[in-house]
Amino acid sequence: MDQNITVENLYRQYCTEGFDENGVLNRFEIHCPDNFNFAYDVLDRFAQLEPQRRAMVWTNTEGEERCFTFRDMSLASNRAANMFRANGIRHGDRVLLVLKRHYEFWIAVLALNKLGAIAIPATNLLTKKDVEYRIQAADISAAVCTATCEIAGYVDEAEQELNRRLDAKFICRGQREGWLDFSQEMERFPDQLDRVDTRVSDGMLLYFTSGTTGNPKMVLHSHRYAFYHVPTASQWHCVDPKGLHMTVAETGWGKAAWGKLYGQWFTGAGLFVYDFDKFVPGDLLEMIRKYRLTTFCAPPTIFRFLIKEGMDKDAFASVQHVTTAGEALNDEVYNRFKEITGLELMEGFGQTESGMLVGNLRGMKPRPGSMGKPSPMYHVDIVDEDCHSVELGVVGEIVIRPPAEGQFTGLFEGYYRDEERTAAAWEGGVYHTGDTAYQDEDGYYWYVGRTDDVIKASGYRIGPFEVESVLMEHPAVLEVAVTGAPDPIRGQVVKATIVLTSQYQPSDQLKKELQNHVKRSTAPYKYPRIIEFVPELPKTISGKIKRSEIRNRDNPIHPHPHP
């Protein structure tokens, strides 16, 4: 072991950084061995270098509290890996993780990393139908679920519906027939583990993400993915290696990997995790104040609610740096938050398929409403429909051009089991984000919207097809178009524009009935908060519904004050 390596600089063994005269990152390259595995080469290494270093402070709404050192996490993940292996989980197996913000998530995902299995984090908001689709599409062989919601029951029902049994099922925070108690079972196994041979190119994480049409896509990341969030943590979150960082996201979303795991621990920072089901702005403010967080990240919606709650400067007295992503940030929220706290909200942009593509990095002066400038880890460009670069101030699609030969792309390995969608994402030799923006004369990017119809509401990514399919099951619905409508609190909300069958008449009661129908049939966050009944939908000459016309009518584009 190199005696000069410390927890704070371990990542520099693998990453080369360069900075301009203002201290802003302008070069980032990755050099990692073929057998790199974050759980062994970072977590376990930290446990050797500084075994008592704080890795996580966890608390919940009941007032329980746990503090984990890196050694604690290393040994616990070894036990879990031995337990998983004894129950048939092997290299390459796909394992569903639905664990809310329980600390068991980190133990489970690291254990799977060590075995070379593929973790599939998912939100507890899934319905039985969602679970069935995921089990079948990814050929899931095992599950680790919380007992604090209905998800374990949905897994059982999905097994019956699909006429297949998972190889292993583990439950946390409760008991259930046919499931092994995760914590109790883990204690039966040793806390030492011989290294399992894995490759950096092996699958590590798989996320389901909504698209414009069809069922959710499966985004596969390899063990390289851990490196993509080193700049996220060190140059965007600006984590303090001696402090506590909080990203609000629940573990079922890709944002958790951005802000609650790989990048932050790569730099030695401690994680703060507040385990809650219902977001209460006052409670979150108290957590920030009580635990004296040093860095904080949340979607703009959260900041809107915190401001509305009447937050004061005291809550953020210990916070050194604040970041936001997941949806567009408007000037009003930026200005009001700065007025109260003195802190500037540093916006960033990326996808489930990537690391941070564009951001307001350490040392940059943010421009309210701008996503920032491209990360040096990527060759970001804005192009027209023919993949030609557009001029400054012209709106085009954000794309990633391929790196030089031998360099990592910083992107996902592809859509799992879907060569057609993967090829479409790389049409024309560039990776298409599906998001549009323009660039100003100083290199700042300004977000405009999606090229497709995906809705971004309160940090969630919602495909219209999924909501439309559920609504079409209701006998009142003849035709429907689902779009995103502007909302002062959530940024966007789901809107359903509906043509009714002849037997039904528009009414507030019917709106409520349709909303409840969606809540029962799919994840509740997807339900349409706005329903408009119309005699007909706008269509192309070939009969295709023109969602863009509805969207533009609800949200006309106004030029930004920074051309």
So which atom in [X] and which in [Y] form the shortest heavy-atom distance, rounded to 0.1 Å?
X	Y	answer
R134	P216	NH2-CG, 4.2 Å
S234	T267	CB-CG2, 4.0 Å
Q351	T433	NE2-O, 2.7 Å
A142	I89	CB-CD1, 3.8 Å
M356	P231	CE-O, 4.4 Å
G88	D93	O-OD2, 3.5 Å

Do [X] side-chain atoms and [Y] backbone N/O form a donor-acceptor pair below 3.5 Å?
X	Y	answer
E468	V482	yes
T295	H321	no
W179	G174	no
K519	Y527	no
W58	E64	no
E397	G434	yes
T247	A249	no

| task | Taking side chain to side chain donor-acceptor pair (under 3.5 Å) as the test, write out the residues that go with Y207, two or more places apart. | result | none

| message | Restricting to side chain to side chain donor-acceptor pair (under 3.5 Å), what partner residues turn up for Y133, sequence neighbours left out? | response | none

Any side-chain heavy-atom pair from [X] and [Y] closer than 4.5 angstrom?
X	Y	answer
V200	S222	no
I135	R164	yes
K217	T352	no
F266	T232	no
V155	K169	yes
L244	R54	yes
F208	D130	no
S74	Q48	no

Parallel, tilted or perpendicular: which describes the rings of [X] and [Y], with under 30° parallel and over 60° perpendicular?
X	Y	result
F279	F276	tilted
F227	F36	tilted
W258	W236	perpendicular

| message | Please determine whether salt bridge (Lys or Arg N to Asp or Glu O under 4.0 Å) holds for the pair D197 and R199, giving the CA-CA distance in whole Å, both sets of side-chain angles, and the decisive distance to 0.1 Å. | response | CA-CA 7 Å; D197 185 32; R199 303 288 95 189; 2.6 Å; yes

| said: So, applying ring-ring contact (aromatic ring centres under 6.0 Å, His included) with W265, which one of F68, F70, F46 is it? | reply: F70

| query | Can you list the steps and then say if Y525 with W253 is a ring-ring contact (aromatic ring centres under 6.0 Å, His included)? | reply | CA-CA 13 Å; Y525 66 86; W253 304 105; 5.4 Å; yes

| query | Taking Y274 as the fixed residue, which of V248, V57, D283 is the one that meets the side-chain contact (heavy atoms from CB on, under 4.5 Å) rule? | reply | D283

| task | Could you point out which residue of T251, L205, L99 forms a side-chain contact (heavy atoms from CB on, under 4.5 Å) with V109? | result | L205

Measure the [atom1]-[atom2] distance between [X] and [Y] for me, rounded to the nearest 0.5 Å.
X	Y	atom1	atom2	value
S77	N82	OG	CG	10.0 Å
L206	R94	CG	CZ	9.0 Å
S354	Y378	OG	OH	5.0 Å
N163	R165	CG	CZ	9.0 Å
L361	C238	CG	SG	8.0 Å
H517	T522	NE2	OG1	10.0 Å

Do [X] and [Y] meet the criterion of a side-chain donor-acceptor pair at a distance under 3.5 Å?
X	Y	result
D275	H102	yes
N78	K114	yes
Y415	E353	yes

| message | I want to know whether F412 and Y431 have ring centres closer than 6.0 Å. | response | yes

| Short N-O contact, D167 and R90, less than 4.0 angstrom | no

| field | CA sep, side-chain torsions, deciding dist, call: D44, R195, salt bridge (Lys or Arg N to Asp or Glu O under 4.0 Å) | value | CA-CA 11 Å; D44 287 356; R195 181 168 182 142; over 6 Å; no

Around [X], counting heavy atoms of other residues, nucleotides and ligands shown, do more than 12 lie under 6.0 Å from its [atom1]?
X	atom1	result
E420	CD	no
R71	CZ	no
E286	CD	yes

| said: Between R188 and E185, is the salt bridge (Lys or Arg N to Asp or Glu O under 4.0 Å) condition met? List the steps. | reply: CA-CA 6 Å; R188 298 178 50 241; E185 186 70 10; 2.5 Å; yes

| Check against ring-ring contact (aromatic ring centres under 6.0 Å, His included), F170 and F84 | CA-CA 9 Å; F170 301 89; F84 287 153; 5.3 Å; yes

| request: Output, in order, the C-alpha distance, side-chain angles, deciding distance and verdict of salt bridge (Lys or Arg N to Asp or Glu O under 4.0 Å) for K242 and E8. | output: CA-CA 9 Å; K242 303 292 186 183; E8 287 89 347; 3.5 Å; yes

| message | Would R173 and Y103 count as a cation-pi pair here, with the cationic atom under 6.0 angstrom from the ring centre and within 45° of the axis? | response | yes

